[in-house]
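The structure displayed is predicted, hence computed values, not measured ones. Letters A, B, ... mirror the listed sequences (proteins, then strands); counts begin at 1.
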Number of protein chains: 2
Amino acid sequence: MAKGTLSSSGSLSAKAPEERRERILRATVDVVRTRGFAGARVSDIAEAAGTSQGLVLYHFRSLAGALDAALTLLEDEFYDDLARDLQEQVGPVERLRHMADLGAGHGPAVGDWRLWLELWVRALHDPDARETRESLDRRWRAALREVIAEGAAAGDFDPIDIDSAVIRLASLMDGLAIQLALEDADMTTQRLADLWWDAAVLELRMPR
Amino acid sequence: MAKGTLSSSGSLSAKAPEERRERILRATVDVVRTRGFAGARVSDIAEAAGTSQGLVLYHFRSLAGALDAALTLLEDEFYDDLARDLQEQVGPVERLRHMADLGAGHGPAVGDWRLWLELWVRALHDPDARETRESLDRRWRAALREVIAEGAAAGDFDPIDIDSAVIRLASLMDGLAIQLALEDADMTTQRLADLWWDAAVLELRMPR
DNA sequence: GCACGTACTGAACGCTCATTCAGATAGCCT
DNA sequence: AGGCTATCTGAATGAGCGTTCAGTACGTGC
């Protein structure tokens, strides 16, 4: 009897609740990725998570609640991914180079441009989404600015105006990414990374 | 149709049908602009057009039909606006300068970036929209390329690689426009035009 | 005049979907 | 054991919305 007490012995779902919740969140992100915010149904999420519709509504209070939770999950992961990824690189040039690749689509949250597009449009109509995307954008730009400032201080870059350089390079990434997300015939991850890098070379007046 | 006779005397709605249809189309665009594709309801359109729901479905066969029609209206107007606007300008430099302003939001169809965002996301899921946006993009980029080529031939510009310059400048415009559409605190039409123009100066190596 | 097609309306129909709810199951506490 | 709560399910509910439809008004051709 004493039995561990703890989290149950060998029940069907072990310490299920948290894990289940997590699964549903992941499923929500997946559904948004494929069906879009507008096309996401509770039944899609339930099916993707392998649970009942009821449970989705039990854990989050509504469909909107699940979507919001997915949004903040994304936000957190984006930040973690970005921070970790950049820490691995050594100098400013390496970091910037790495950012070009990040945009081209690595990591689970960064570079998932379909999701980004969806977020932008949702931000047009939903205040929560607006805040999330603003926060994401701020973070991304702050990281970019930091790398550039670091490089400028080290003499690797010589931008005419840091503020403008940051905005332009961040915007260019977004613009290029649209074509990637929409599967434009002549846009690949490689091409995106190259185009962006060349722009950075120009913009930051990097010595050859 | 030629037949004179024209439309009757002074009935309530004069030669209404065509005018009515047009009004509904405009209303559809308006609704998409404010509510988005996903949020557009037949009743919204009817109300905005000052007609009954029935009539919307009578002229277009379905809600999707109305949205599609609005899409092609947009496409046509975009093209006309662009062509007319650019013809008014004299040299390549003037034309390019004017394109910066166009992006910043003039003309009824060009520069309406909220609509653009909506179109992009719709293109993720709807083949018709995908084609429309591809066509719009192609036209815009073709115009840009023409201006740049013209300027390069005249010695006003000296781009390292025209293809890359076109893609980057077009993408940058899209990226900057996102911030404008989302009403980012530090993005205005003026700033967009300036940022883009400066990038063009850099990218096309314009002599001061 | 009368039939007829076009333009148009408002009410009704039926379907999809989020949300609610009445349980079922199983651990936990006393 | 017997309640109590957290977790979970499948069916029922009901609202919202696209589409259909029966009907009105009106101009045109005969």
Do A:R141 and A:D137 meet the salt-bridge criterion of a basic N to acidic O distance under 4.0 Å?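 Salt bridge present between A:D137 and A:R141.
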
Ion pair B:E118/B:R35, N-O distance below 4.0 Å: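 Between B:R35 and B:E118 there is no salt bridge, as every charged N stays at least 4.0 Å from the carboxylate O atoms.
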
From C-beta outward on A:V42, which listed nucleotide comes closest to its side chain: D:dT19, C:dT19, C:dT9? C:dT19

Quick one: which of D:dT9, C:dT19, C:dA7 gets closest to the side chain of A:L57? C:dT19

So B:A40, base contact, sugar-phosphate only, or nothing? Heavy-atom distance under 4.0 Å. sugar-phosphate

Using a 4.0 Å heavy-atom cut-off, does B:L63 contact any base of the nucleic acid, only the sugar-phosphate backbone, or nothing at all?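 Result for B:L63 = sugar-phosphate.
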
From [atom1] of [X] over to [atom2] of [N], roughly how many Å is that when rounded to an integer?
{"X": "A:R21", "N": "D:dA6", "atom1": "CZ", "atom2": "P", "answer": "15 Å"}
{"X": "A:E18", "N": "D:dA6", "atom1": "CD", "atom2": "P", "answer": "14 Å"}
{"X": "A:R23", "N": "D:dC8", "atom1": "CZ", "atom2": "C1'", "answer": "13 Å"}
{"X": "A:R61", "N": "C:dT20", "atom1": "CZ", "atom2": "C1'", "answer": "12 Å"}
{"X": "A:E47", "N": "C:dA18", "atom1": "CD", "atom2": "P", "answer": "13 Å"}
{"X": "A:Q53", "N": "C:dC17", "atom1": "CD", "atom2": "C1'", "answer": "8 Å"}
{"X": "B:L55", "N": "D:dG23", "atom1": "CG", "atom2": "P", "answer": "20 Å"}

So, is [X] close to the [N] phosphate, meaning a side-chain N or O under 4.0 Å from OP1 or OP2?
{"X": "A:Y58", "N": "D:dC8", "value": "no"}
{"X": "B:R41", "N": "D:dG16", "value": "no"}
{"X": "A:H59", "N": "D:dA6", "value": "no"}
{"X": "A:R20", "N": "D:dT9", "value": "yes"}

Does some side-chain heavy atom of B:L136 sit less than 4.5 Å from a side-chain heavy atom of B:W116? yes

Verify salt bridge (Lys or Arg N to Asp or Glu O under 4.0 Å) between B:E134 and B:R130, making sure each step is shown before the conclusion. CA-CA 6 Å; B:E134 249 174 41; B:R130 168 168 308 230; 5.4 Å; no

Indicate the atoms forming the closest heavy-atom contact of A:G103 with A:L192, along with that distance. C-CD2, 4.2 Å

